[in-house]
Amino acid sequence: MTWTSDELMTVNAARALAGARTCFVGIGLPSAAANLARRTIEPGLVLIYESGTLGSKPARLPLSIGDGELADTADAVVSVPEIFNYWLQAGRIDVGFLGAAQVDRYGNINTTVIDRGPGRPEGRLPGAGGAPEIAASCGKVLMVLRHSRRNLVERLDFVTTVGHGSGPGDRARLGLPGAGPVAVITDLGVLRPDPETAELVLTELHPGVTAEQAREATGWKLRVAPDPGVTRPPAPAELAALRELSDRGAADA
């Protein structure tokens, strides 16, 4: 069975949720991965969206946090203040799953503006949403995005969400209780923070991808683990579940 690079990325992002009980889900690629995880590796996973839905079980990929499918299939729907004050900031959510327009070497995120160069207006992005609070308070943070120099940058055009700041100790200094980013899953491989420097290091490659390809697609001098692993190809059941989610979303669009 063949697969696309996006499918390979999403399957491996879903696998990263093994053992999680609760996940605060971002829309887009994170939502695809989290919903796939609930259908495959972690059927008891409780999906939480910032619109106030707890335990959503959508039959298709939601278009936004306001998609009625999330409320219709939820165990409960509560107010947005309750989601943030009672569930998130109180440390009741294991994993935050985020996307990004830009990520730097320390896992900091930009989803606000893009500098388009001299004489050109800024490129406006969707904005912060709940990402700063998710990255601050969830037990740990996962990210998923496509691997390119435009997305993995030397310097963010704007710091929307703090990952590991400028290195070790920054989260504690800022009073951020969660562990911060523990993995960035891309369509080329998996990056994880070095325990000593907090800088993202390429620890795994997807089948057929080389370390040089990943270096060329990264905006900083990417460090590669001495013996990077190779991720497992998607299993037929994983691909079938992902394609069913995607096909239902396309049919309902």
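Side chains are part of it too, since the values below use all heavy atoms of this structure and drop only hydrogens, waters and symmetry mates.
Between the CZ atom in R192 and the CD atom in E199 there is a gap of 16.0 Å [rounded to 0.5 Å]. Atom CG in D187 sits 8.5 Å away from atom CG in L8 (nearest 0.5 Å). One finds the CG atom of L36 at 10.5 Å from the CG atom of N12 (value rounded to the nearest 0.5 Å). Atom CZ in R120 sits 12.0 Å away from atom CD1 in I114 (nearest 0.5 Å). Atom OG of S137 and atom CD1 of I93 lie 9.0 Å apart (nearest 0.5 Å).
Neither L145 nor M9 shares a network with the other; the hydrophobic side chains, linked directly or stepwise wherever heavy atoms of I, L, V, M, F, W or Y lie under 4.5 Å apart, form separate groups for each. If you chain together hydrophobic residues whose side chains sit under 4.5 Å apart, I109 and V182 never meet in one group. Hydrophobic clustering, with ILVMFWY side chains joined whenever heavy atoms are under 4.5 angstrom apart, keeps L242 apart from L29. Cluster annotation: L70 and V95 are assigned to the same hydrophobic cluster (Ile/Leu/Val/Met/Phe/Trp/Tyr, side-chain heavy-atom contacts under 4.5 Å, transitive). L222 and V190 are members of different hydrophobic clusters when ILVMFWY side chains are connected at heavy-atom separations under 4.5 Å.
Heavy-atom minimum distance, V80 versus S51: CG2-O, 3.9 Å. Across all non-hydrogen atoms, the minimal contact from G165 to N108 is O-ND2, 2.7 Å. Annotation for P233 and W3: closest pair CB-CH2, 3.4 Å, computed over non-hydrogen atoms. For the residue pair G55 and K57, the shortest heavy atom distance occurs at O-NZ, 2.8 Å. Scanning all heavy atoms of the two residues, the minimum distance from A16 to I185 falls at CB-CD1, 4.2 Å. Across A14 and A33, no two heavy atoms sit closer than the pair CB-O, 3.3 Å.
Using modelled atom types, one finds no donor on one side chain facing an acceptor on the other under 3.5 Å when comparing D6 with T10. D157 and Q102 share a side-chain donor-acceptor pair at under 3.5 Å. With no hydrogens or angles considered, no side-chain donor-acceptor pair links S56 and T73 at under 3.5 Å. S31 and Y49 form a side-chain donor-acceptor contact under 3.5 Å, judged by distance and modelled atom types alone.
Not a single donor-acceptor pair under 3.5 Å links the side chain of T218 to the backbone N or O of W220. With hydrogens and angles ignored, the 3.5 Å screen pairs a side-chain donor or acceptor of D67 with a backbone N or O of L63. No donor-acceptor distance shorter than 3.5 angstrom exists from the side chain of K140 to the backbone of C138, with no hydrogens or angles considered. With hydrogens and angles ignored, the 3.5 Å screen pairs no side-chain donor or acceptor of T112 with any backbone N or O of G127. With hydrogens and angles ignored, the 3.5 Å screen pairs no side-chain donor or acceptor of R146 with any backbone N or O of T186. Looking only at distances, no side-chain donor or acceptor of T160 sits under 3.5 Å from a matching main-chain atom of A128. Put simply, the side chain of E133 never gets that close to the backbone of F84: no donor and acceptor are under 3.5 Å apart. Although no hydrogens or angles enter the test, the distance criterion places no donor-acceptor pair under 3.5 Å between the side chain of E216 and the main chain of Q213. Of the possible polar contacts, one joining the E7 side chain to the T4 backbone as a donor-acceptor pair under 3.5 Å is found. Checked by atom type and distance alone, the side chain of E50 pairs as donor or acceptor with a backbone atom of G130 at under 3.5 Å.
Counting heavy atoms of neighbouring residues, nucleotides and ligands inside a 6.0 Å radius, atom CZ of R243 exceeds 12 of them. At most 12 heavy atoms of other shown residues, nucleotides or ligands fall within 6.0 angstrom of atom CD in E196. Around CZ of R116, the count of heavy atoms belonging to other residues, nucleotides or ligands within 6.0 Å exceeds 12.
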- Item | side-chain contact (heavy atoms from CB on, under 4.5 Å) assessment of V141 paired with L98 | CA-CA 7 Å; V141 173; L98 299 173; 4.1 Å; yes
- How far apart are the C-alpha atoms of R215 and V224, what are their side-chain angles, what is the distance that settles it, and do they pass the side-chain contact (heavy atoms from CB on, under 4.5 Å) test? CA-CA 8 Å; R215 287 193 181 101; V224 179; 3.5 Å; yes
- Query: Would I134 and L88 satisfy side-chain contact (heavy atoms from CB on, under 4.5 Å), going step by step from the backbone distance to the final call?
  - Reply: CA-CA 7 Å; I134 293 168; L88 179 58; 4.1 Å; yes
- Are L205 and L188 close enough, and set up right, to give a side-chain contact (heavy atoms from CB on, under 4.5 Å), and what steps lead you there? CA-CA 6 Å; L205 291 161; L188 297 183; 5.6 Å; no
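P207 places a side-chain heavy atom less than 4.5 Å from the side chain of V230. Residues N35 and P58 are in side-chain contact: their nearest non-hydrogen atoms beyond the backbone lie under 4.5 Å apart. Contact annotation: the side chain of L245 approaches that of R39 to within less than 4.5 Å [non-hydrogen atoms, C-beta and beyond]. Side-chain contact between C23 and L17 is present, with heavy atoms from C-beta onward closer than 4.5 Å. Taking the side chain as every heavy atom from C-beta outward, P43 and R38 never approach each other to under 4.5 Å. The shortest distance between side-chain heavy atoms of D170 and V162 does not fall below 4.5 Å. Side-chain atoms of I48 and V25, non-hydrogen and from C-beta on, never get closer than 4.5 Å to each other. Using a 4.5 Å heavy-atom threshold, the side chains of H147 and L152 count as touching.
Under a 4.0 Å N-O distance rule, the pair E238/R15 qualifies as a salt bridge. A salt bridge links D194 with R223: the closest approach of a Lys/Arg side-chain nitrogen to an acidic carboxylate oxygen falls below 4.0 angstrom. Taking the charged nitrogens against the carboxylate oxygens, E42 and R21 have no contact shorter than 4.0 Å, which rules out a salt bridge. Checked for salt-bridge contact, R60 and D247 miss the test: no charged N lies under 4.0 Å from a carboxylate O.
The one candidate from R149, R105, K221 that meets the salt bridge (charged side-chain N to carboxylate O under 4.0 Å, His left out) condition with E154 is R105.
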